[in-house]
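One structure below.
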Amino acid sequence: MRSADTAADSPAEPRGPDLEALLNRVAGGDLEAFSAVYDRVSGPVLGVVRRILRDPAQSEEVTQEVLIEVWRCAARFRADRGRAMTWVMMLAHRRAVDRVRAAQAQAEREHKAALLDHTPAYDEVTEQVESRWERQRVRRCMGALTKLQRESVTLAYYRGLTYREIAQLLSLPLGTVKTRLRDGLIRLRDCLGVSV
């Protein structure tokens with residue numbers, strides 16, 4: 001029988017096959033080996049992922065993705081390049097960082113889409129400038145009409161008089177007023193570049 005001092009100095013008994021050996025068995029499709037790998041690495045993987053993501057639900061989801069990747073990619077593990085736990089933690093770190101980057105990219109896309117969809121508020125200054133510019137164009141085009149055309153258009157559109165009232169006011173025949181008003185409107189349309 002060994003003394004307590006001797007037992008304390010001896011190395012601890014391994015808990016079963018080392019992680020590297022388990023990963024080799026997982027690469028061969030051994031479900032029992034994967035179960036053992038899962039038990040050994042799921043806690044540390046969740047810890048790494050949670051430190052990066054901070055969101056518990058997403059951390060659990062990414063941890064599951066990492067463990068699925070371990071199952072699918074166990075054959076890629078090379079013991080001569082490093083320890084098995086380091087390889088698994090690298091997968092976890094990479095997957096968590098990818099999730100953060102994807103979330104940032106999604107947020108940026110949504111922000112850009114929101115900016116594109118945003119209807120600008122009413123711009124009073126722009127409206128005033130455009131209105132002033134339109135008035136100047138109309139005045140310039142009205143100045144290009146003959147006196148009779150200008151009077152007819154002004155009385156009809158700015159004072160709201162009928163053909164008959166314009167003819168009486170200007171002491172002209174009704175047909176002449178209609179012709180001058182029609183000709184004036186055609187010249188205005190052409191000058192303003194308005195299509196019918």
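Computed from heavy atoms alone, side chains included, the values below leave out hydrogens, waters and symmetry copies. Sequence positions, counted from 1, serve as the residue numbers for this chain. Here the structure is a predicted model, which is why all the values come from computation and not from measurement.
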Taking the side chain as every heavy atom from C-beta outward, state whether [X] and [Y] have any atom pair closer than 4.5 Å.
| X | Y | result |
| --- | --- | --- |
| Arg40 | Leu22 | yes |
| Val70 | Val41 | no |
| Arg180 | Ile166 | no |
| Asp98 | Arg101 | yes |
| Arg187 | Thr146 | yes |
| Met90 | His93 | no |

Fill in the blank from the handout: Minimal heavy-atom distance between Ala27 and Ala74, with the atoms involved, is N-CB, 3.7 Å
Practice task
Look only at the side chain of Arg164 and the backbone of Leu174, and say whether a donor-acceptor pair between them is shorter than 3.5 Å.
Solution key: no
Rounded to the nearest 0.5 Å, how far apart are [atom1] of [X] and [atom2] of [Y]?
| X | Y | atom1 | atom2 | result |
| --- | --- | --- | --- | --- |
| Gln136 | Glu134 | CD | CD | 10.0 Å |
| Arg140 | Leu192 | CZ | CG | 7.5 Å |
| Ser152 | Leu170 | OG | CG | 6.0 Å |
| Arg159 | Leu169 | CZ | CG | 6.0 Å |
| Gln104 | Glu108 | CD | CD | 7.0 Å |

Exercise for the section: Report the residue from Thr154, Leu148, Val153 that forms a side-chain contact (heavy atoms from CB on, under 4.5 Å) with Arg150. Expected result: Thr154
Practice task
Could you name each residue pair satisfying ring pair (Phe, Tyr, Trp, His ring centres under 6.0 Å) that touches residues 167-190, not counting sequence neighbours?
Solution key: none
Problem - Sequence neighbours excluded, every pair satisfying ring pair (Phe, Tyr, Trp, His ring centres under 6.0 Å) that has a member inside residues 157-182 - result: none
Fill in the blank from the handout: Sequence neighbours excluded, the answer for disulfide (SG to SG under 2.5 Å) partners of Cys191 is Cys141
Are [Y] and [X] linked, directly or through intermediate hydrophobic residues, by side-chain heavy-atom contacts shorter than 4.5 Å (ILVMFWY only)?
| X | Y | answer |
| --- | --- | --- |
| Ile186 | Leu181 | no |
| Phe77 | Ile68 | no |
| Trp133 | Met142 | no |

Problem - Selection residues 21-38 - residue pairs positive for side chain to side chain donor-acceptor pair (under 3.5 Å), sequence neighbours left out - result: Arg25-Asp30, Tyr38-Gln64
Practice task
Output every pair passing side chain to side chain donor-acceptor pair (under 3.5 Å) with a member in residues 68-84, not counting sequence neighbours, ordered by first then second residue.
Solution key: Glu69-Arg95
Problem - Donor-acceptor pair between Arg109 and Gln106 side chains, under 3.5 angstrom - result: yes
Exercise for the section: Apply the test salt bridge (charged side-chain N to carboxylate O under 4.0 Å, His left out) to residues Arg99 and Glu61: give CA-CA distance (whole Å), side-chain angles for both, the deciding distance (0.1 Å), then the verdict. Expected result: CA-CA 10 Å; Arg99 178 65 66 100; Glu61 185 178 315; 3.1 Å; yes
Under 3.5 Å, side-chain donor or acceptor atoms of residues 44-56 against the rest of the protein: list the pairs with distances, not counting sequence neighbours.
| unit_1 | atom_1 | unit_2 | atom_2 | d |
| --- | --- | --- | --- | --- |
| Asp55 | OD1 | Ala57 | N | 2.9 |
| Asp55 | OD1 | Gln58 | N | 2.8 |

